[in-house]
Protein chains: 2
Amino acid sequence: MLTERQRLILNAIVDDYIRSAEPVGSRSISKKSGVGYSPATIRNEMADLEELGFLEQPHTSAGRIPSAKGYRYYVDHLVRIGEVDEEDLRCVRSFFARKMTRMEQIIQHAAMILASLTNYTSIVLGPEVFSNSLKAFQLVPLNDQSAVAIIVTNTGHVENRTISIPPGFDINELEKVVAILNAKLVGVPLHRLQTKLYTEVSEELNRYVSHCEEIIDTLAQALEQRTEHRAFTSGTSNMLTQPEFRDVNKVKSILEWLDETPALVRSFSPKQEGIQVRIGQENADEALQNCSLITATYVVDGTTIGTIGLLGPMRMDYGKAITLMDILSKDLAAVLAKWYN
Amino acid sequence: MLTERQRLILNAIVDDYIRSAEPVGSRSISKKSGVGYSPATIRNEMADLEELGFLEQPHTSAGRIPSAKGYRYYVDHLVRIGEVDEEDLRCVRSFFARKMTRMEQIIQHAAMILASLTNYTSIVLGPEVFSNSLKAFQLVPLNDQSAVAIIVTNTGHVENRTISIPPGFDINELEKVVAILNAKLVGVPLHRLQTKLYTEVSEELNRYVSHCEEIIDTLAQALEQRTEHRAFTSGTSNMLTQPEFRDVNKVKSILEWLDETPALVRSFSPKQEGIQVRIGQENADEALQNCSLITATYVVDGTTIGTIGLLGPMRMDYGKAITLMDILSKDLAAVLAKWYN
DNA sequence: GTTAGCACTCGACGTCGGTGAGTGCTAACC
DNA sequence: GGTTAGCACTCACCGACGTCGAGTGCTAAC
């Protein structure tokens, strides 16, 4: 619905504002190479764009800044994706060339790189293992009264819980328990473990092992405490370098939000595949009204298991951010796929 | 070396300044109950205290604020420890009454409570497992090419690595490998595992299993990547509520420091037992010159395995902070001791 | 449709005097 | 000799005021 010239001007304004963080005037747009119009013409178009809701004016005698709607249009239609800085690319590649032995570590480091290359704040949600299936189960006794229960999932994720052994339970029978549990439960999705424990495993176990009700109860209880999503953030302090957050009160609510894992998880959870950009008020969360959040999902063994996010001011370098996240999430998927096979 | 009256006045000034964050004048001290001197007398003493280096004056016509030396004296000689708010105590107790099944979780939550009760920033260094000994070893194959190696330590800590299985290695022999490793390595401290692998285990393994050099190499390599100290912070945003950090630039370096795990670990590492207070420049780290850091160690099974820290401005409520950390670290030790037995 | 010209707006910045909290010093008091 | 009242002095803070300049909207000419 915008004319070609309006798109050109909107694009120029957003680009300029992303760079400078200061209201853009008609003169500076006019001077740009590629724009062959005088300031007056630009002004007319800017007035129109403001009327249409794409631009805003902080006060009468200032230049224009993009509105949320303006950014949305920019992201949807104007932004150039795919142009990468050579240096950045080399940085990413050399990172993925390194050898790592823990999935969480890989993902965390990827997020750190993202934060340092973009100068925004990155957020990783730990792997969602809820829909994984059980690969192996182990019980390691620590002493007479407690043991460590270990669960390995099909994606190579390891969970552990310390449980207390019911008094009267013969510790030598643990092996039997483990064998039966493994026989019955391998391949079962984690979220069905509890039910299975009580239905199918219970009677089987009763046949061979005494005092087993208590241990089943204990295990079920330990499983109850589903691993809360762990969230890792990096580059939090980058938020403070943004001129729009020079005022402490503006950053405070954002940092509080970053501190608070549940809010973070909630905001991420309607996870759609691929890369998503939420601008300003599109974020449900009060604290993020002045921010933009870009999210990308990552995949192991065919299922989406987690999300990487990048948080910045609304005046974010969307082109660079989206491009980098695209590269990163694809490389990540490739590495994880190859690794897991 | 200070007279009783000087101590009284210094104490009053520090208390006042901790509360108000504003330079303290002679008049307000004089009005305090328990101080029976006129402003003029107080002024004389204040001038002396300043000459001795315990106080500072932001500018001529302002009141006095404590210097780092003043805080140090306050912490060493004046601060009242042990007075707890009933509400806080109830909060701590109710926390420890909850049932938890993961050690890390307990410690993290303890730190979160500390942060929310004090309104400062708390830092937890993940358990130092380097000196733990091996309790059990497991290998869980994920597919033909990779497996998860799991290590359980005597304190119930679980470590895991994904390793790739050398081509040509018979996957059915993994069990044998595990059995031999367990027979040979249980009880060995983690930091000696690598050496032991090559010396004692190697030849034994050679006798029963073919292609075992590669797997030993892989394992040794995985162990090489010693788990970096994980650090968890909570209450980061509390830093922003402190009036001394209303200026973004002042907080920035601190948040950067908090972001950067290695610096954090370094600063914590000369860990002495018990509670320690480092004020301002006593912190080696540049970023913390305007902060105070209180650290407390926690203990499982007789050995110190980690540290909890509390970071605030120099103008910190030392009494409350130290008291709470004392209670918390003791309760924590009690719970962990009972839990592990 | 485009552009030059011009009056107008309004935040940023520097200056300036008034205000008040707090000091140091001196001299009087107990 | 220690304590205190009195007083002149200092200096950050604050609101008022004027200047400056970037940027606008509008009009008229091209």
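Proteins come first, then strands; the chains are lettered A, B, ... in the order of their sequence lines, and each starts at number 1.
The side-chain tip of B:Lys250 does not point at the ring of B:Phe245 from less than 6.0 angstrom away and within 45° of straight on.
Taking the side chain of A:His59 as heavy atoms from C-beta on, and the options C:dG11, D:dA12, D:dT4, the nearest nucleotide is C:dG11. Minimum atom distance to the side chain of B:Arg43 is reached by C:dC25, of the listed C:dC25, D:dT24, C:dC10. With distances taken from any side-chain atom of B:Ala40 to the nucleotides C:dT2, C:dT23, D:dT4, the minimum falls on D:dT4.
Rounded to an integer number of Å, the gap from A:Asn44 CG to D:dC26 P is 9 Å. Following rounding to the nearest Å, A:Arg27 (CZ) and C:dG5 (C1') show an atom-to-atom distance of 15 Å. Across the protein-nucleic acid pair, A:Glu56 atom CD and D:dG23 atom C1' stand 17 Å apart, rounded to whole Å. The distance between atom CD1 of B:Ile65 and atom P of C:dG22, rounded to the nearest whole Å, is 14 Å. Distance, B:Tyr37 OH to D:dA5 P: 14 Å, rounded to whole Å. When the P atom of C:dT23 is taken as reference, atom CD of B:Glu45 falls 14 Å away, rounded to whole Å. Put simply, CE on A:Met46 is 9 Å from C1' on D:dG23, counting in whole angstrom units. Remark: P of D:dT4 and CD1 of B:Ile29 are 15 Å apart, rounded to the nearest angstrom.
No hydrogens or angles considered: nothing links the side chains of B:Arg315 and B:Tyr71 as a donor-acceptor pair under 3.5 Å.
Remark: D:dT24 base-pairs with C:dA7. Criterion, Watson-Crick or G-U wobble with two distances under 3.5 Å. Look at D:dA29: its Watson-Crick or wobble partner, with both distances under 3.5 angstrom, is C:dT2.
The shortest distance between the side-chain N/O atoms of B:Arg64 and the OP1/OP2 oxygens of C:dG24 is below 4.0 Å. One finds no side-chain N or O of A:Ser26 lying less than 4.0 angstrom from the OP1 or OP2 phosphate oxygen of D:dG23. Here B:Ser38 reaches the OP1 or OP2 of D:dT4: one of its side-chain N or O atoms lies under 4.0 Å away. An OP1 or OP2 oxygen of C:dT2 is reached within less than 4.0 angstrom by a side-chain nitrogen or oxygen of A:Arg5.
B:Asp15 and B:Arg19 are not joined by a salt bridge, as no carboxylate oxygen comes within less than 4.0 angstrom of a charged side-chain nitrogen.
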Does B:Lys320 form a salt bridge (charged side-chain N to carboxylate O under 4.0 Å, His left out) with B:Asp85? I'd like the steps, not just the answer. CA-CA 9 Å; B:Lys320 182 176 181 181; B:Asp85 188 74; over 6 Å; no
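For the pairing with B:Arg64, the side chain to side chain contact (heavy atoms under 4.5 Å, CB included) check across B:Arg43, B:Glu56, B:Met46 returns one residue only, B:Met46.
Residue-level contact check: A:Thr60 touches the backbone only, with heavy atoms under 4.0 Å from sugar-phosphate atoms and none from bases.
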